[in-house]
Amino acid sequence: MTTKIAIFGVGLIGGSLALCFKGKPGLHVTGYTHLPELIHTYQERQVVDHATLSVEEAAQDADFIFLCVPVSLLGTYLKQLSHLPLKPGCIITDVGSTKASIVACAEQLQLREDVHFIGGHPMAGSERSGVGAASYLLFENAYYVLTPPDHVPQPAYERLAELLTQHTRAQIIRVEPLMHDEIVGAISHLPHVIAVALVNQIRQYNEGNPLYRMLAAGGFRDITRIASSDPIVWRDILLNNRHIILQLLEDWNEGVEQFIELLKSEDARGIEEQFEKAGAFRDELPERRKGMITKLYDLYLDVPDHPGIIGKITTEIGNRGINISNVQIIESREDVPGVMRLSFRNEQDMEQAKMMLQQSEYSVFV
């Protein structure tokens, strides 16, 4: 018997889910898009078994429906699905980074008793977007949060959890919707707001003195990289989770005010304690597990200012079958070694490249 899976929005997340399911015995994947030009892309990249422009066709006889569309559109698609003759036992889920609102929407729509909505949020991503960035490895070793309403039957929840566990290799965790939004707001949404505000603060300073931009390389660029996230996506996320974000920002302001008072009073020990407490907690954070903010897999190495040196290094790495996702020269001046940053898609590639470069007697650091 074939299990039919419909994916609405075959981008980074939807495409990666499709690749996890496609080709597996007993599974058939249909991809829906409202953009005709994407049908060819889905077929060319072979991410789905069938692609369609019809909501009705995608949903017909589906055992699972994954809504992988922007947060602002989740309610619209859920409402459309609520009017269709869905297959008895059909499970609808989503991948949005806010959960309370869509779960509440599903409750208000009062889906048929034999159709179940279970909120979902795979806590993994990439700095790239679109179906071209999709990978069947995206969710491996990541937390995949499910937020079922209380009335969802346990067997329905277990069906979805089993499908995801078996094919994505993610770790499923069950969380209450509002608690999810509070936690994700703190560990993802708030850092994005802070990064944007910080970069814009430096941008304003730079208008009067271009040295700010010139010197804000390396570490500053790295710690604020999430400020370059998709503005439309993050507009929708922040507005959807605005009540929690506002409280988090008030708490953040209290922390900033505390630092202001420590500096005004020249409280050296108080400043040390803030760093000590933060350092101790950060050291307890999981290092090798995927999270909401994409981990960097970067190597830095000193390179002499010699013609062809960049090509030589990248060629040597490529000859070992290691894929480099990005190359950047941070500094290169006459008579001064340049700093080359090599970015990789995963930790394994990074470690292999590091070992190879060290064996070739390059000075490598992470």
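Heavy-atom basis, side chains included; hydrogens, waters and symmetry copies ignored. Position 1 is the first residue of the sequence, and the numbers go up from there.
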So salt bridge (charged side-chain N to carboxylate O under 4.0 Å, His left out) across residues 75-94, not counting sequence neighbours, yields D63-K87, D94-K99
Residues joined to I232 in its hydrophobic cluster, side chain to side chain under 4.5 Å directly or through other members, sorted by chain and number, are none
Taking the side chain as every heavy atom from C-beta outward, state whether W234 and V196 have any atom pair closer than 4.5 Å. no
Step by step, would you call I7 with V48 a side-chain contact (heavy atoms from CB on, under 4.5 Å)? CA-CA 9 Å; I7 297 181; V48 296; 5.7 Å; no
Check V95 against C68 and note the closest heavy-atom contact, atom names and distance. CG2-CA, 3.6 Å
Under the ring pair (Phe, Tyr, Trp, His ring centres under 6.0 Å) test, residues paired with H116 that sit two or more places apart: none
Before you tell me yes or no, could you show the steps for I13 and L138 under side-chain contact (heavy atoms from CB on, under 4.5 Å), namely the whole-Å CA-CA distance, both residues' side-chain angles and the distance that decides it to 0.1 Å? CA-CA 8 Å; I13 301 297; L138 182 66; 3.8 Å; yes
Rounded to the nearest 0.5 Å, the CG atom of L299 sits from the CD1 atom of I324 at a distance of 9.5 Å
Salt bridge (charged side-chain N to carboxylate O under 4.0 Å, His left out): pairs with one or both residues in residues 105-124, sequence neighbours excluded: R112-D114
Charged N-O contact under 4.0 Å between E273 and R269: yes
When the side chains of residues 52-59 are checked against the rest of the protein, which donor-acceptor pairs come out under 3.5 Å, sequence neighbours left out?
| unit_1 | atom_1 | unit_2 | atom_2 | d |
| --- | --- | --- | --- | --- |
| T52 | OG1 | S54 | N | 3.0 |
| T52 | OG1 | E57 | OE1 | 2.7 |
| S54 | OG | E56 | N | 3.3 |
| S54 | OG | E56 | OE1 | 3.3 |
| S54 | OG | E57 | N | 3.0 |
| E57 | OE2 | H50 | NE2 | 2.7 |

Determine whether Y157 and I172 satisfy the following criterion, side-chain contact (heavy atoms from CB on, under 4.5 Å), listing intermediate values before the conclusion. CA-CA 11 Å; Y157 171 82; I172 308 303; 3.9 Å; yes
Scan residues 158-180 for pairs that pass salt bridge (charged side-chain N to carboxylate O under 4.0 Å, His left out), counting only residues two or more places apart or in two chains. E140-R169
Can you name the residues that form a side-chain contact (heavy atoms from CB on, under 4.5 Å) with S72, not counting sequence neighbours? P70, D236
Do R225 and R221 have side chains that get closer than 4.5 Å, going by heavy atoms? no
Would you say that L239 contacts I245 through its side chain, given a criterion of any heavy-atom pair below 4.5 Å between the two side chains? no
Side-chain donor-acceptor pair under 3.5 Å between Q247 and D251, yes or no? yes
Heavy-atom pair of closest approach, residues P191 and A186: CD-O, 3.3 Å
Closest non-hydrogen atom pair, V103 against P149: CG1-CG, 3.8 Å
Heavy-atom pair of closest approach, residues T93 and I118: OG1-O, 2.6 Å
Pairwise side-chain contact, F8 with L81, heavy-atom cut-off 4.5 Å (strictly under): yes
Could you check whether atom CD of Q154 has more than 12 heavy atoms from other residues, nucleotides or ligands sitting under 6.0 Å from it? yes
Would a 4.5 Å heavy-atom cut-off, applied to side chains only, mark T224 and I194 as touching? no
By side-chain contact (heavy atoms from CB on, under 4.5 Å), which residues pair with E261, not counting sequence neighbours? K264
Is the shortest side-chain heavy-atom distance between H189 and L248 below 4.5 Å? no
Any pair counted as ring pair (Phe, Tyr, Trp, His ring centres under 6.0 Å), so long as it reaches residues 52-72, sequence neighbours left out: F21-F66
In this structure, CD1 of I260 is separated from CG of L263 (nearest 0.5 Å) by 8.0 Å
Q46 to L19 - nearest heavy-atom pair and separation: O-CD2, 4.2 Å
Main-chain N/O of G185 paired to S188 side chain as donor or acceptor, under 3.5 Å: no
Mind checking whether V131 and V47 have side chains closer than 4.5 Å, heavy atoms only? yes
Please name all residues satisfying side-chain contact (heavy atoms from CB on, under 4.5 Å) with E316, sequence neighbours left out, ordered by chain then number. K312, M356, S360, Y362
Name every donor-acceptor pair, under 3.5 Å, that has one atom in a side chain of residues 204-216 and the other anywhere in the protein, sequence neighbours excluded.
| unit_1 | atom_1 | unit_2 | atom_2 | d |
| --- | --- | --- | --- | --- |
| Y205 | OH | Q201 | NE2 | 2.8 |
| N206 | OD1 | R213 | N | 2.9 |
| E207 | OE2 | R203 | NH1 | 3.4 |
| N209 | OD1 | L211 | N | 3.0 |

Say whether T98 and D181, considering side chains only, have a donor N or O and an acceptor N or O under 3.5 Å apart. no
Please check if the side chain of N241 supplies one atom and the backbone of I244 the other of a donor-acceptor pair under 3.5 Å. no
Any side-chain heavy-atom pair of V152 and F117 under 4.5 Å: no
Check: residues 26-43 side-chain donor-acceptor pairs under 3.5 Å, at least two apart:
| unit_1 | atom_1 | unit_2 | atom_2 | d |
| --- | --- | --- | --- | --- |
| T33 | OG1 | L35 | N | 3.0 |
| Y42 | OH | V10 | N | 3.4 |

